[in-house]
Each structure stands twice: as structure tokens, then as C-alpha cells.
Amino acid sequence: MSDEQKLQLDEANNLAITQRQWYKNLMKRLTQSEPIENEALLLLDHDYDGIRELDNKLPPWWLYLFYGGIIFGGIYFVHYEIMGGDDQETEFRKEMAQAKIDVAKYMLTAPDRMDESKVTKLTDAPSINTGKGIFMNNCVACHRADGGGQIGPNLTDNHWLFGGDIKNLFHTIINGGRDGKGMVAWKGTLKPTEIQQVASYVLSLQGSNPKDAKAPDGEVWIDPELSKTEAVEAKK
């Protein structure tokens, strides 16, 4: 490519966008304006102090927006004024009311909003294994790895100081044991879901009878939901 051709190419690339053919074609479609040569055909008879008026067509894009606004306004009027559609304030109140319902529903089952009134015993293997890991990291110093008891009580027999179901155990872990000499409260360390998991793991140790287990502490726990016959059997 010669120097002259390079110069022409640079000039073409640097050509103002308004001078490019594709831009001219686009503007012609959008405006449908008449060429300047046809100005005499568009002149109206109005003359104000030498100022003449051209009878140009309105640009199509403007007409489309105008007609679209009319159609939208008609639909808006019918929907809100005739058919009684919800306005913004009504929609806001409905959405806020639904949000309160959704939040309340979530709070009933939210894992980290759980308390002893809603906690349930877990029996699935993943939860029990997770609970075991929490137990091994936090509880073995007082209860031994097998739950047989050391400083703390034996967790494998049917004797309990504060009740032996999931709700009582959940409450005890959260709030701690006897003042001054019992287990510390774990509510600041473990999440409610983690306490549920470790409590479920502890309950899974029932009847495991580890070697050299600590002597029973507390009273024999009888589940209030058991029948009388089952309660008698549990005491044996």
C-alpha cells in the first residue's frame, strides 16, 4: 500500500460519524426529512417578519412514541380507574403483609432460629456424624470420647440431671449445667443447629455401655410420652 493510499485510508477511518453513509441512511429512516434541495416545496405561506415555516413531516420515531403513549395511557386508565387495579401504595401494603407471613413461616423452621420448643431429635447419619465431630472437639475433656463420663456425668446410661430427651438436652447445652460446678453455657460458642446435632449424637450413645463408665448421676429419666408399661420397663 502506497503512502497516498495509507493517507486516504486514515482519512476514511477518521471521517466524522455524521458523514458516514450508514449514519446518513439511518437518520433518513428515522426522520424521513426532505433533502435541502426540496426546501422550496415545503415552504408554507406564513411569513412572520421574514421568517418562513417549513411543512416538514414529524419524525417517525416521535410519532411512534406519541401513539405508544396514547395506547399506554388508555390501558393504564382502564386497568386502574375502571377495573380497579392495585396502585403502588396498595401493592406495597400487600407485599409487606406477604413478607411478614413469609418471615413468620421461615422463623418456624429456620435452623439458626431454633429453640428448645421447636428442636427435634436427628437420626440421619450425616447429622449424627457432624454431632460426633462437635462432641469430639468440645466435650471429650469432661465426658470422655465414648461418653462414659469423667469430670462430667456418664452420657450413656439412663440417668440424667436435667432430663434426657432432646428438648432438655438442648436446653442444658445452651444454658449450661449447675451453677458454679456444672457445664458452661454453649450458646455463645455453638449455633442452634450445631447444638441440635451434638445433642442428637449424645442421645445416640444411650445404652452403649462403655468400659469403666462413671457411676450414674441424677435420676432415671422417663419420657413423659411413654405409656405406663413402657415407663416401668425403662426403670428396670
Side-chain angles (χ1 to χ4, degrees), residues 1-122 124 126-127 130 167 170 174 187-197:
M1 183 180 293
S2 65
D3 292 341
E4 184 178 353
Q5 290 174 326
K6 291 180 180 179
L7 182 60
Q8 291 175 349
L9 180 61
D10 290 340
E11 290 177 353
N13 290 335
N14 295 329
L15 189 65
I17 189 172
T18 56
Q19 300 300 317
R20 300 191 180 188
Q21 190 60 43
W22 66 266
Y23 179 84
K24 293 179 179 179
N25 294 336
L26 175 63
M27 294 306 297
K28 186 175 182 179
R29 290 181 182 178
L30 291 176
T31 62
Q32 291 187 357
S33 58
E34 291 288 342
I36 192 67
E37 296 82 7
N38 297 339
E39 184 177 281
L41 302 175
L42 300 175
L43 283 172
L44 298 175
D45 294 334
H46 304 162
D47 189 334
Y48 302 98
D49 296 331
I51 299 174
R52 304 288 299 275
E53 182 180 359
L54 295 177
D55 187 21
N56 281 315
K57 295 180 180 179
L58 288 171
W61 65 266
W62 191 94
L63 286 174
Y64 297 151
L65 287 176
F66 179 72
Y67 293 139
I70 294 174
I71 294 172
F72 175 81
I75 295 174
Y76 186 95
F77 180 80
V78 171
H79 178 71
Y80 289 104
E81 301 300 330
I82 297 177
M83 300 181 66
D86 293 341
D87 57 20
Q88 289 181 331
E89 184 178 356
T90 304
E91 288 180 351
F92 175 76
R93 288 199 301 266
K94 286 185 175 180
E95 290 177 1
M96 289 300 294
Q98 183 61 46
K100 289 182 180 179
I101 294 173
D102 293 341
V103 169
K105 184 177 180 181
Y106 170 78
M107 296 294 281
L108 292 175
T109 57
D112 289 334
R113 299 292 298 183
M114 188 182 307
D115 58 31
E116 59 195 88
S117 66
K118 295 183 292 185
V119 68
T120 57
K121 179 181 176 181
L122 302 173
D124 60 287
S127 297
T130 301
K167 296 184 185 300
F170 185 90
I174 281 185
K187 57 186 176 183
T189 305
L190 299 176
K191 296 179 181 178
T193 48
E194 294 173 326
I195 294 176
Q196 180 190 28
Q197 290 163 340

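Not measured: the values here are computed from a predicted model. Note that the numbering runs from 1 along the sequence shown for the chain.
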Note to self: Applying salt bridge (Lys or Arg N to Asp or Glu O under 4.0 Å), can you list everything that pairs with Glu95, at least two apart in sequence or on another chain?
What the structure shows: none
Notebook entry, point to check: In chain order, what residues pass the side-chain contact (heavy atoms from CB on, under 4.5 Å) check against Ile101, with sequence neighbours excluded?
Noted result: Gln98
Next item on the list: Applying side chain to side chain donor-acceptor pair (under 3.5 Å), name anything that partners Ser127, two or more places apart in sequence or on another chain.
Entry: Asp124
Notebook entry, point to check: Which atoms form the tightest heavy-atom contact between Leu122 and Gln197, and what is the distance?
Noted result: CD1-CG, 3.9 Å
Next item on the list: Heavy atoms only: give me the nearest Thr120-Gln196 pair and the separation to one decimal.
Entry: O-NE2, 2.8 Å
Contacts table for residues 81-92: side-chain donor-acceptor under 3.5 angstrom, sequence neighbours left out:
from: Asp86; atom 1: OD2; to: Lys94; atom 2: NZ; distance (Å): 2.7
from: Asp87; atom 1: OD1; to: Glu89; atom 2: N; distance (Å): 3.3
from: Asp87; atom 1: OD1; to: Thr90; atom 2: N; distance (Å): 2.8
from: Asp87; atom 1: OD1; to: Thr90; atom 2: OG1; distance (Å): 2.7
from: Glu89; atom 1: OE2; to: Arg93; atom 2: NH1; distance (Å): 3.1

When the side chains of residues 65-79 are checked against the rest of the protein, which donor-acceptor pairs come out under 3.5 Å, sequence neighbours left out?
none

Checklist line | Rounded distance (nearest 0.5 Å) linking atom CG of Leu58 with atom CG of Leu63 | finding: 5.0 Å
